[in-house]
Amino acid sequence: QVQLVESGGGLVQPGESLRLSCAASGSIFSINAMGWYRQAPGKQRELVANIISSGSTNYADSVKGRFTISRDNAKNAVYLQMNSLKPEDTAVYYCSIVCKRQSDTGYYRYWGQGTQVTVSS
């Protein structure tokens with residue numbers, strides 16, 4: 001089983017920063033992509049940013065220029081640096097990876113438990 005453990009959420013004021021971390025554990029053989037999604041109350045879960053095995057990144061338009069995704073392959077970890085936070089960034093943030101375990105014949109997506117980010121004055 002693959003487990004994802006997230007940390008770094010919290011309550012901040014508009015304009016401040018937060019850094020989310022996510023570490024994956026388990027018999028991971030290969031990771032295809034790692035990313036962050038978020039879900040605000042009453043809204044669907046949406047992609048915030050992802051990074052694929054080549055290192056290429058993709059961001060939601062609403063966070064471009066403010067958020068930066070990065071990864072540490074040695075630790076099977078992914079990070080999200082969030083700057084200039086806005087109230088509309090308030091949501092539960094979920095880490096997700098697409099990976100293959102030693103025993104798998106294909107790649108599967110796994111989710112973290114979510115971490116709350118609240119931006120409010």
Peer 1: Kindly indicate whether the side chain of Leu80, heavy atoms from C-beta on, has any atom under 4.5 Å from the side chain of Thr68.
Peer 2: no
Peer 1: With no hydrogens and no angle check, is any side-chain donor or acceptor of Arg66 less than 3.5 Å from a backbone partner on Ser84?
Peer 2: yes
Peer 1: Does any part of the side chain of Phe29, heavy atoms only, come nearer than 4.5 Å to the side chain of Arg101, both counted from C-beta?
Peer 2: no
Peer 1: In chain order, what residues pass the salt bridge (Lys or Arg N to Asp or Glu O under 4.0 Å) check against Arg109, with sequence neighbours excluded?
Peer 2: none
Peer 1: Assigning hydrophobic clusters by single linkage (Ile, Leu, Val, Met, Phe, Trp, Tyr; side-chain heavy-atom cutoff under 4.5 Å), is Ile51 placed with Val2?
Peer 2: yes
Peer 1: Do Leu18 and Tyr37 belong together in a cluster built from hydrophobic side chains that touch within less than 4.5 Å?
Peer 2: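 No, separate clusters.
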Peer 1: How long is the span from the CG atom in Asn50 to the CD1 atom in Ile97, to the nearest 0.5 Å?
Peer 2: 13.0 Å
Peer 1: So do the side chains of Tyr93 and Glu6 get within less than 4.5 Å of each other, counting heavy atoms only?
Peer 2: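 Side-chain contact under 4.5 Å: no.
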Peer 1: More than 12 foreign heavy atoms under 6.0 Å from CD of Gln102: is that the case here?
Peer 2: yes
Peer 1: Using the test salt bridge (Lys or Arg N to Asp or Glu O under 4.0 Å), find all partners of Glu46 that sit at least two apart in sequence or belong to another chain.
Peer 2: Arg38
Peer 1: Tell me, which pairs form a disulfide bond (SG atoms under 2.5 Å apart) where one or both residues lie in residues 66-121, sequence neighbours left out?
Peer 2: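 Pairs touching residues 66-121 that pass the test: Cys22-Cys95.
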Peer 1: Could Arg19 and Tyr79 be counted as a cation-pi pair, given that NZ or CZ must be under 6.0 Å from the ring centre and within 45° of the axis?
Peer 2: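 Satisfied, under 6.0 Å and within 45°.
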Peer 1: Indicate every side-chain donor-acceptor pair of residues 54-61 with a distance under 3.5 Å to a residue at least two apart or in another chain.
Peer 2:
residue : atom : partner : partner atom : Å
Ser54   : OG   : Ser56   : N            : 3.4
Tyr59   : OH   : Ile69   : N            : 2.9
Asp61   : OD1  : Lys64   : NZ           : 3.1

Peer 1: Look only at the side chain of Arg71 and the backbone of Ser53, and say whether a donor-acceptor pair between them is shorter than 3.5 Å.
Peer 2: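 Pair found, side chain donor or acceptor close to backbone of Ser53.
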Peer 1: How close do Trp36 and Leu47 get, heavy atom to heavy atom, and via which atoms?
Peer 2: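 Looking at all heavy atoms of both residues, the shortest contact is O-CD1, 3.7 Å.
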Peer 1: Side chain to side chain donor-acceptor pair (under 3.5 Å) with Ser17: which residues, sequence neighbours excluded?
Peer 2: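 For Ser17, the residues satisfying side chain to side chain donor-acceptor pair (under 3.5 Å) (neighbours in sequence not counted) are Asn83.
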Peer 1: So do the side chains of Asp89 and Phe67 get within less than 4.5 Å of each other, counting heavy atoms only?
Peer 2: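 A side-chain contact under 4.5 Å exists here.
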Peer 1: Are Val12 and Met82 connected, step by step, through hydrophobic side chains (Ile, Leu, Val, Met, Phe, Trp, Tyr) whose heavy atoms are closer than 4.5 Å?
Peer 2: yes
Peer 1: Mind checking whether Ile31 and Ile28 have side chains closer than 4.5 Å, heavy atoms only?
Peer 2: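 Yes; the side chains approach each other to less than 4.5 Å.
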Peer 1: Compile the donor-acceptor pairs under 3.5 Å between side chains in residues 110-121 and protein atoms, sequence neighbours left out, one pair per line.
Peer 2:
residue : atom : partner : partner atom : Å
Thr115  : OG1  : Gly9    : N            : 3.3
Gln116  : NE2  : Ala91   : O            : 3.4
Gln116  : NE2  : Thr118  : OG1          : 3.3

Peer 1: Walk me through it: do Leu85 and Thr90 pass the test side chain to side chain contact (heavy atoms under 4.5 Å, CB included)?
Peer 2: CA-CA 9 Å; Leu85 282 161; Thr90 296; over 6 Å; no
